[in-house]
Peer 1: 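Quick one: the structure is below, questions incoming.
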Amino acid sequence: MSLVLDPAAQDLLFREARTANSFSDEPVTEEQVQAIYDLVKFGPTAFNQTPLRITLVRSPEARERLVKHLSEGNQAKTAAAPLVAILSADNEFHEELPQLLPHFPQAKDLFFAERPVREQSALLNAALQAAYFIVGVRAAGLAAGPMTGADFAGVQKEFLDADHTPLMIVNIGKPGEDAVAFPRSPRLEFDQVITTV
């Protein structure tokens with residue numbers, strides 16, 4: 001094999017990992033979430049920007065407010081998940097660039113002075129960070145159930161502000177019985193994806 005990562009870790013993170021649709025009652029602790037973030041914060045982004053924002057939905061009241069904005073097929077599993085996270089992009093991420101890019105602090109104004117440019121960059125880089133977050137959840141021995149079936153305008157109004165664009169909702173926890181609804185779907189093969197020029 002050409003990979004240096006242990007095969008068991010490869011399976012945990014990719015080959016055997018599945019999107020979970022049901023979860024056990026075991027809680028997801030703040031310590032687990034902290035460990036996940038402390039790992040995935042090192043994933044690369046453009047200009048080391050960190051636009052991803054994570055809103056943890058823990059209280060029953062907040063869960064009820066969120067569930068009403070989800071598509072019908074996502075409501076029950078979200079209501080029952082041990083932890084739910086709203087992942088969003090902070091369109092004002094550039095304010096942190098002098099701290100995050102100390103060798104090039106002028107990037108804040110040189111590249112990101114215009115809001116439309118920031119929004120496009122925030123969406124791309126927060127989506128990268130969201131993918132790292134999902135892999136980090138798996139690294140913690142948990143399952144993730146990412147969803148985009150929601151009224152995101154409603155989610156934004158309920159939980160965020162105009163500077164934050166919701167990307168997805170992620171249910172998190174130990175997989176429950178029948179957590180996987182169907183066999184793994186096919187993937188494209190190497191030759192269908194990779195082109196050498």
Side-chain angles (χ1 to χ4, degrees), residues 3-5 9 12-14 17 27-59 61-63 65-66 69 78 81-148 150-173:
L3 301 176
V4 297
L5 191 64
L12 177 71
L13 299 178
F14 295 101
V28 178
T29 67
E30 287 295 323
E31 292 77 15
Q32 287 172 302
V33 176
Q34 180 77 53
I36 291 165
Y37 180 73
D38 286 344
L39 176 66
V40 303
K41 70 183 179 184
F42 293 108
T45 57
F47 293 95
N48 199 36
Q49 62 184 271
T50 307
L52 182 68
R53 297 295 177 266
I54 302 167
T55 303
L56 299 178
V57 182
R58 285 198 181 274
S59 73
E61 179 269 336
R63 187 75 60 99
R65 287 170 43 217
L66 175 62
H69 295 291
T78 302
L83 179 63
V84 182
I86 302 169
L87 305 189
S88 62
D90 181 357
N91 296 304
E92 297 299 312
F93 70 87
H94 69 305
E95 297 294 344
E96 296 152 349
L97 283 181
Q99 171 193 345
L100 298 173
L101 205 64
H103 63 280
F104 189 26
Q106 61 271 35
K108 172 189 173 212
D109 298 315
L110 188 61
F111 294 105
F112 300 109
E114 302 291 329
R115 174 74 180 228
V117 173
R118 289 199 305 275
E119 288 177 352
Q120 182 179 12
S121 190
L123 280 175
L124 172 62
N125 287 281
L128 279 173
Q129 290 186 286
Y132 303 144
F133 180 77
I134 291 167
V135 174
V137 167
R138 293 172 173 181
L142 302 170
M147 303 168 291
T148 55
D151 167 16
F152 280 119
V155 171
Q156 182 181 37
K157 186 175 180 182
E158 195 83 45
F159 292 95
L160 307 170
D161 60 33
D163 288 332
H164 293 79
T165 303
L167 300 173
M168 68 183 69
I169 312 297
V170 184
N171 293 332
I172 304 168

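Any value given below was found using the heavy atoms of this structure, including those in side chains, with hydrogens, waters and symmetry copies removed. These numbers were taken from a predicted model, which means no experiment stands behind them. Count residues from 1 along the sequence.
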Peer 1: Ring centres under 6.0 Å, that's the criterion: do Phe112 and Phe93 meet it?
Peer 2: yes
Peer 1: For Thr50, give me all partners under side-chain hydrogen bond (donor to acceptor under 3.5 Å, both in side chains), at least two apart in sequence or on another chain.
Peer 2: none
Peer 1: Do Val135 and Val40 have side-chain heavy atoms sitting under 4.5 Å apart?
Peer 2: no
Peer 1: For the residue pair Leu142 and Gln32, establish whether any side-chain heavy-atom pair is separated by less than 4.5 Å.
Peer 2: yes
Peer 1: With the side chain counted from C-beta on, respond yes when Glu30 and Leu83 share a heavy-atom pair under 4.5 Å apart, and no when they do not.
Peer 2: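 A side-chain contact under 4.5 Å is absent here.
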Peer 1: Looking only at heavy atoms, which two atoms of Ala144 and Val170 are closest? And how far apart?
Peer 2: CB-CG1, 3.8 Å
Peer 1: Which residues pass the salt bridge (Lys or Arg N to Asp or Glu O under 4.0 Å) test with Glu95, sequence neighbours left out?
Peer 2: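 Lys108.
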Peer 1: State whether Glu158 and Arg63 are salt-bridged, where the test is any N-O pair (Lys NZ or Arg NE/NH1/NH2 against Asp/Glu carboxylate O) under 4.0 Å.
Peer 2: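 Answer for the salt bridge query: no.
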Peer 1: For the CD atom of Glu31 and the CD1 atom of Ile36, what is their distance to the nearest 0.5 Å?
Peer 2: 11.5 Å
Peer 1: Show the nearest heavy-atom pair for residues Pro51 and Ala122, with the distance to one decimal.
Peer 2: CG-O, 3.7 Å
Peer 1: What pair of heavy atoms forms the shortest contact from Ala130 to Met168, and how long is it?
Peer 2: CB-CE, 3.9 Å
Peer 1: Taking the basic N atoms (NZ, or NE/NH1/NH2) and the acidic carboxylate oxygens, is any pair closer than 4.0 Å for Asp90 and Arg118?
Peer 2: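 The answer is no: the pair does not qualify as a salt bridge.
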Peer 1: Mind checking the CZ-CZ spacing from Phe152 to Phe159? Nearest 0.5 Å is all I need.
Peer 2: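 Answer rounded to 0.5 Å: 12.0 Å.
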Peer 1: Look up atom CG in Leu66 and atom CD1 in Ile169, then write down how far apart they are to the nearest 0.5 Å.
Peer 2: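 Result: 5.0 Å between the selected atoms.
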Peer 1: State which residues pass side-chain contact (heavy atoms from CB on, under 4.5 Å) with Ala107; sequence neighbours excluded, sorted by chain then number.
Peer 2: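 Result, side-chain contact (heavy atoms from CB on, under 4.5 Å) vs Ala107: Phe47, Leu101, Phe104, Phe111.
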Peer 1: Has the side chain of Gln120 got a donor or acceptor atom that lies under 3.5 Å from a matching backbone atom of Val117?
Peer 2: no
Peer 1: How many angstroms lie between OG in Ser88 and CG in Leu167, if you round to the nearest 0.5 Å?
Peer 2: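 These two atoms lie 6.5 Å from each other.
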Peer 1: Looking at Lys157, I'd like to know if its NZ atom is crowded, meaning that more than 12 non-hydrogen atoms belonging to other residues, nucleotides or ligands lie closer than 6.0 Å.
Peer 2: no
Peer 1: Return yes if a side-chain donor-acceptor contact under 3.5 Å exists between His94 and Gln49, otherwise no.
Peer 2: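 No, no side-chain donor-acceptor pair sits under 3.5 Å.
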Peer 1: Identify the heavy atoms of Asn171 and Met147 that sit nearest to each other, and give their distance.
Peer 2: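 That would be ND2-CE, 3.4 Å.
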Peer 1: Do you know which two heavy atoms are closest between Ala126 and Leu52, and how far apart they sit?
Peer 2: O-CD1, 3.9 Å
Peer 1: Hey, are the side chains of Pro146 and Ile134 touching, using non-hydrogen atoms and a 4.5 Å cut-off?
Peer 2: yes
Peer 1: Please check if the side chain of Tyr132 supplies one atom and the backbone of Leu39 the other of a donor-acceptor pair under 3.5 Å.
Peer 2: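 The answer is no, because no donor-acceptor pair under 3.5 Å joins these two groups.
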Peer 1: Go through it in stages, so that I can follow the logic: the residues are Arg53 and Leu87, the test is side-chain contact (heavy atoms from CB on, under 4.5 Å), and I'd like the CA-CA distance, side-chain angles, deciding distance and then a yes or no.
Peer 2: CA-CA 6 Å; Arg53 297 295 177 266; Leu87 305 189; over 6 Å; no
Peer 1: Any idea which heavy atoms bring Asn125 and Ala46 closest together, and the distance?
Peer 2: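 That closest heavy-atom pairing would be OD1-N, 2.9 Å.
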Peer 1: Side-chain contact, heavy-atom cut-off 4.5 Å: Ile86 with Ile54?
Peer 2: no
Peer 1: Would you indicate whether Gln106, at its atom CD, is surrounded by more than 12 heavy atoms from other residues, nucleotides or ligands within a distance under 6.0 Å?
Peer 2: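 Result for CD/Gln106: enclosed.
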Peer 1: Within the side chain of Asp151, is there an N or O that forms a donor-acceptor pair under 3.5 Å with the backbone of His69?
Peer 2: no
Peer 1: Mind running side-chain hydrogen bond (donor to acceptor under 3.5 Å, both in side chains) on His164 and Gln156 for me, showing each step along the way?
Peer 2: CA-CA 7 Å; His164 293 79; Gln156 182 181 37; over 6 Å; no
Peer 1: When you look at Ile172 and Phe133, which way does the side-chain contact (heavy atoms from CB on, under 4.5 Å) test go after all the steps?
Peer 2: CA-CA 11 Å; Ile172 304 168; Phe133 180 77; 3.8 Å; yes
Peer 1: Nearest 0.5 Å, what's the CG-CZ distance between Leu13 and Arg138?
Peer 2: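 Rounded to the nearest 0.5 Å, the CG-CZ separation comes out at 8.0 Å.
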